[in-house]
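Quick caveat, the model's predicted, so the values are computed rather than measured.
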Amino acid sequence: MTISVLVADDQAMVRGGLRLILEDQPDIQVVAEASDGAEAVELARRLRPDVCLVDVRMPRLDGIEVTRALAGPAVADPLRVVVVTTFDLDEYVYGALRAGAVGFVLKDCGPALLVEAVRAANHGDALVSPSVTLRLLRHLTAHLPASGRASHPLSNRELEVVRAVARGRTNQEIAAELFISLSTVKSHVAAVQAKLGLRNRVEVAAWAWENRIAASA
């Protein structure tokens, strides 16, 4: 099945480059391009692509506002948004994820990671560039009071899975570390999301670091 993608960036050259990278894959098709945030929202709502690739800095509406409009907590039927940017700034990463993005990748990450982020988003998973993931989440922990840990309904095994997710491990790596099957890992992640009311792995990781779960052994 082909993954339909909307590309939103105010630079035509960047949009063209992203299109070339994505459409080089047999399972991905760029169905629309937007040159500003307002156009991105209008096209995304009308076409409902599988994945929206959105730049942070755009005219009219920035990428964070676009993400919130398409995937925020108040959206009844959210789209999957991956933020793509040149700017490796914590405020952008945190803002994008809080607005509902399921991915955050840097434009210099390389074609392979960009394609992986699109496929992950399409499958309901999330991907953040490795260079920013742990730095961002540890930054959240550093700014919490000592009493930041929250009560939760998770089992010990689910906590082990959460800690691994928070440290950037893939499902395959978690399965190997905990000596459980891949399907069991997926079941644990799904159970954690349901119990905590979280929508994806990025939110699971953020919850773990915010509540000092990730750092506890």
Side-chain angles (χ1 to χ4, degrees), residues 2-23 25 28-109 111 113-129 131-133 136-137 139-140 197-206:
T2 301
I3 303 169
S4 59
V5 178
L6 177 146
V7 174
D9 194 291
D10 61 340
Q11 298 184 50
M13 186 176 296
V14 173
R15 294 197 306 273
L18 293 174
R19 178 186 282 273
L20 285 174
I21 291 170
L22 296 174
E23 293 197 334
Q25 305 300 312
I28 299 176
Q29 179 183 8
V30 175
V31 295
E33 295 182 18
S35 59
D36 63 62
E39 184 183 18
V41 171
E42 188 277 325
L43 285 172
R45 287 175 172 169
R46 175 159 54 88
L47 300 174
R48 297 200 63 82
D50 296 316
V51 180
C52 302
L53 286 184
V54 177
D55 187 25
V56 168
R57 294 187 176 179
M58 292 188 294
R60 299 173 70 188
L61 292 176
D62 66 31
I64 308 302
E65 294 172 306
V66 171
T67 302
R68 188 175 296 109
L70 299 178
V75 179
D77 189 14
L79 293 167
R80 298 182 178 109
V81 178
V82 175
V83 172
V84 185
T85 183
T86 307
F87 305 99
D88 183 8
L89 300 177
D90 288 348
E91 62 183 286
Y92 288 158
V93 186
Y94 188 70
L97 300 181
R98 280 304 185 202
V102 296
F104 189 100
V105 296
L106 302 177
K107 288 180 180 176
D108 62 358
C109 69
L113 190 65
L114 179 69
V115 170
E116 184 181 352
V118 168
R119 289 179 176 146
N122 183 59
H123 292 142
D125 211 334
L127 187 149
V128 177
S129 286
S131 63
V132 301
T133 306
L136 167 73
L137 298 173
H139 175 78
L140 297 180
L198 305 174
R199 295 189 295 181
N200 54 58
R201 293 168 69 92
V202 173
E203 290 188 358
V204 170

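The CG atom of Leu22 lies 5.5 Å from the CD1 atom of Ile28; values are rounded to the nearest 0.5 Å. With rounding to the nearest 0.5 angstrom, the CD atom of Gln11 is 10.5 Å from the CG atom of Leu18. Taking CZ from Arg15 and CE from Met13, the interatomic distance works out to 11.0 Å, rounded to the nearest 0.5 Å. Once rounded to the nearest 0.5 Å, the distance linking CG of Asp10 with CZ of Arg57 reads 10.5 Å.
Looking at residues two or more places apart in sequence or on another chain, you find a side-chain hydrogen bond (donor to acceptor under 3.5 Å, both in side chains) between Arg48 and Asp77. The side-chain hydrogen bond (donor to acceptor under 3.5 Å, both in side chains) check on Ser35 picks up Glu39, with sequence neighbours excluded. In terms of the side-chain hydrogen bond (donor to acceptor under 3.5 Å, both in side chains) criterion, Gln29 has no residue partners (sequence neighbours excluded). A search for salt bridge (charged side-chain N to carboxylate O under 4.0 Å, His left out) contacts involving Arg45 returns nothing, not counting sequence neighbours. Partners of Glu42 by side-chain hydrogen bond (donor to acceptor under 3.5 Å, both in side chains), not counting sequence neighbours, listed by chain and number: Arg46.
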Check step by step if side-chain contact (heavy atoms from CB on, under 4.5 Å) holds for Asp55 and Thr85.
CA-CA 5 Å; Asp55 187 25; Thr85 183; 4.1 Å; yes

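Side-chain contact between Arg80 and Ile3 is absent, with no heavy atoms from C-beta onward closer than 4.5 Å.
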Show the atom names and distances, to 0.1 Å, of all donor-acceptor pairs under 3.5 Å that link a side chain in residues 62-70 to residues at least two apart or in another chain.
| residue | atom | partner | partner atom | Å |
| --- | --- | --- | --- | --- |
| Asp62 | OD1 | Ile64 | N | 3.0 |
| Asp62 | OD1 | Glu65 | N | 2.8 |
| Glu65 | OE1 | Asp62 | N | 2.9 |
| Thr67 | OG1 | Gly63 | O | 2.7 |

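For Asp36 (side chain) and Met58 (main-chain N/O), no donor-acceptor pair under 3.5 Å exists by modelled atom type.
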